2 protein chains.
Amino acid sequence: MEALIKTERNLCITHILPIRDALDILSGKWKIPIIVALCVHKRRFKELHRDVQGITAKMLSKELKELEMNKLVKRTVHDTSPVTVEYSITDYGHSLTPVINELRDWGMKHRDKIIYHPEEV
Amino acid sequence: MEALIKTERNLCITHILPIRDALDILSGKWKIPIIVALCVHKRRFKELHRDVQGITAKMLSKELKELEMNKLVKRTVHDTSPVTVEYSITDYGHSLTPVINELRDWGMKHRDKIIYHPEEV
DNA sequence: GATACCAGTATCTAAATGTAAACCAGTATC
DNA sequence: GATACTGGTTTACATTTAGATACTGGTATC
């Protein structure tokens with residue numbers, strides 16, 4: 001009986017662990033929106049700043065560094081004058097596509113739900 | 001030409017919006033782990049506190065309130081003495097299963113990557 | 001009567017996030 | 001040549017959020 005409880009707890013923890021690994025890298029308000037913006041096409045800093053609405057330059061700068069560290073985003077400096085910096089998504093970043101698609105699907109269904117059946121939600 | 005740029009920006013913003021809707025409800029360190037724990041089976045407050053490792057009682061309490069508000073989790077008070085409170089996932093909460101599965105898959109692949117090919121990540 | 005369990009709260013501190021402005025190099029405007 | 005602007009940050013400061021710790025009030029256990 002105790003063994004069963006232990007198994008259930010282990011099952012739970014085993015289920016949660018890889019999700020924590022993913023969330024360590026992706027959680028927060030901005031990382032996924034930035035990745036989505038870059039999936040549409042590569043962009044320069046100011047362009048990203050405009051398209052990821054509501055983010056501050058400081059946050060964008062910080063989040064891009066973290067995404068770059070985790071090899072989801074690539075930063076390319078072009079030797080023009082003045083220098084232009086281009087951010088693009090890596091192949092590894094593209095591996096998040098299924099996660100992002102599911103999240104978008106759910107978000108759209110959720111929005112429909114609160115618009116058309118607000119009393120139920 | 002300007003119309004094209006505008007279309008690209010709109011595409012980007014259209015892609016991001018439903019994701020923001022989803023993230024408004026799910027983002028942060030704890031909500032998805034709590035949902036996963038409750039997907040394994042319904043639980044009482046202290047059981048959740050033990051199984052969602054690292055969370056404080058204050059955070060757990062706050063996150064459960066928000067999840068309940070969004071109808072992802074149901075709170076049931078049993079009139080025993082002392083009262084026992086049971087948290088369970090709703091049907092609507094179950095609609096997150098595909099999102100969670102993709103997130104878990106990605107998390108497992110990511111973990112493999114950093115264990116077996118750390119130099120590349 | 002002391003201790004422990006349950007389902008949380010209250011209080012205080014630490015960390016994350018946000019806001020506003022400044023910085024530097026180059027460019028365009030007057 | 002002075003002024004103002006752009007791009008890509010960085011800094012200083014304020015606010016918000018999260019975390020650590022202690023506590024409550026009722027019940028059951030030793």
Side-chain angles (χ1 to χ4, degrees), chain A residues 1-2 5 8-9 16 19-20 23-35 37-38 41-70 73-89, chain B residues 2 5 8-9 12 16 19-20 23-35 37-38 41-70 73-89:
Chain A
M1 183 58 201
E2 199 180 311
I5 291 167
E8 278 178 346
R9 288 201 55 198
I16 292 177
I19 286 167
R20 298 269 290 253
L23 289 178
D24 280 347
I25 289 173
L26 301 172
S27 86
K29 197 172 167 183
W30 302 115
K31 293 210 182 66
I32 293 178
I34 291 168
I35 290 169
L38 290 176
H41 59 77
K42 62 187 175 184
R43 268 184 185 67
R44 289 162 58 185
F45 187 88
K46 283 275 160 161
E47 294 170 321
L48 262 176
H49 191 191
R50 274 189 291 270
D51 291 352
V52 180
Q53 298 188 325
I55 197 168
T56 61
K58 178 186 140 188
M59 270 296 113
L60 181 55
S61 176
K62 188 192 139 232
E63 301 286 65
L64 283 169
K65 267 177 205 150
E66 290 177 26
L67 291 170
E68 202 197 345
M69 257 176 41
N70 287 307
V73 160
K74 185 160 166 260
R75 182 179 188 268
T76 313
V77 180
H78 293 285
D79 195 13
T80 52
S81 82
V83 289
T84 52
V85 182
E86 200 172 70
Y87 291 93
S88 55
I89 197 139
Chain B
E2 200 179 312
I5 290 167
E8 277 180 346
R9 287 202 55 201
C12 176
I16 292 177
I19 285 166
R20 298 270 289 253
L23 290 178
D24 280 347
I25 290 172
L26 300 173
S27 87
K29 197 172 165 184
W30 301 116
K31 294 212 182 65
I32 293 178
I34 291 168
I35 290 169
L38 290 177
H41 60 76
K42 63 188 176 183
R43 268 185 184 67
R44 290 161 59 184
F45 187 87
K46 281 278 159 157
E47 292 171 322
L48 263 176
H49 192 190
R50 273 190 291 270
D51 291 352
V52 180
Q53 299 187 327
I55 197 168
T56 61
K58 177 184 141 189
M59 271 296 112
L60 181 55
S61 174
K62 188 192 140 233
E63 301 288 64
L64 283 169
K65 269 176 203 152
E66 290 177 27
L67 291 171
E68 201 196 345
M69 255 176 42
N70 286 308
V73 160
K74 185 161 167 259
R75 181 180 188 268
T76 313
V77 179
H78 294 286
D79 195 14
T80 53
S81 81
V83 287
T84 52
V85 182
E86 199 171 69
Y87 291 93
S88 56
I89 198 141

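Since the structure is predicted, the reported quantities are computational estimates derived from the model, not experimental observations. Chain letters run A, B, ... following the sequence lines, proteins first and then strands; every chain starts at 1.
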Atom CH2 of A/Trp30 and atom P of D/dT17 are separated, to the nearest Å, by 13 Å

d(A/Leu67 CG, A/Leu38 CG) to nearest 0.5 Å is 8.5 Å

Whole angstrom is fine here: how far is it from CD in A/Glu68 over to P in D/dG8?
14 Å

So which nucleotide does C/dA10 pair with, by the Watson-Crick or G-U wobble rule with both distances under 3.5 Å?
D/dT21

D/dT9 phosphate, OP1 or OP2, under 4.0 Å from A/Tyr87 side-chain N/O:
yes

The side chain of A/Arg75 lies closest to which of these nucleotides: D/dG8, C/dG8, C/dT17?
D/dG8

Between B/Val85 and A/Gly28, who's closer to the 5' end of DNA chain C by nearest nucleotide?
B/Val85

Classify the side chain of B/Lys58 versus the base of C/dG8 as yes if they form a donor-acceptor pair under 3.5 Å and no if they do not.
no

Output yes when a side-chain donor or acceptor of A/Arg43 lies under 3.5 Å from a complementary backbone atom of A/His41, and no otherwise.
yes

Nucleotide nearest B/Phe45 (side chain, heavy atoms from C-beta), chosen from D/dG8, D/dG19, C/dG8
C/dG8

On a heavy-atom basis, the closest approach of A/His49 and A/Ala57 is NE2-N, 3.7 Å

CG of B/Leu48 to CZ of B/Phe45, rounded to nearest 0.5 Å, is 8.0 Å

Enter the distance from B/Asp24:CG to B/Ile19:CD1 here, rounded to the nearest 0.5 Å.
12.0 Å

Measure from NE2 on B/His78 to P on D/dT27 and round the result to the nearest Å.
18 Å

Counting side-chain heavy atoms from CB outward, which of D/dG19, C/dT9, D/dT10 is closest to B/Lys29?
D/dG19

Determine: side-chain N/O of A/Arg44 to OP1/OP2 of D/dG8, distance under 4.0 Å, yes or no.
yes

Separation of C/dC6 atom P from B/Glu86 atom CD, nearest Å, is 14 Å

Rounded distance (Å) that lies between atom P of D/dT9 and atom CD1 of A/Ile55
13 Å

Which is true for A/Thr56 with a 4.0 Å heavy-atom rule: it touches a base, it touches only sugar-phosphate, or it touches nothing?
base

Tell me: NE2 of B/His49 to P of D/dG19, nearest whole Å?
11 Å

Using atom CD of B/Glu63 as one end and atom P of C/dT9 as the other, report the distance to the nearest whole Å.
14 Å

D/dC30 -> Watson-Crick or G-U wobble partner, both distances under 3.5 Å, gives C/dG1

Between D/dT24 atom C1' and B/Lys46 atom NZ, what is the distance in whole Å?
12 Å

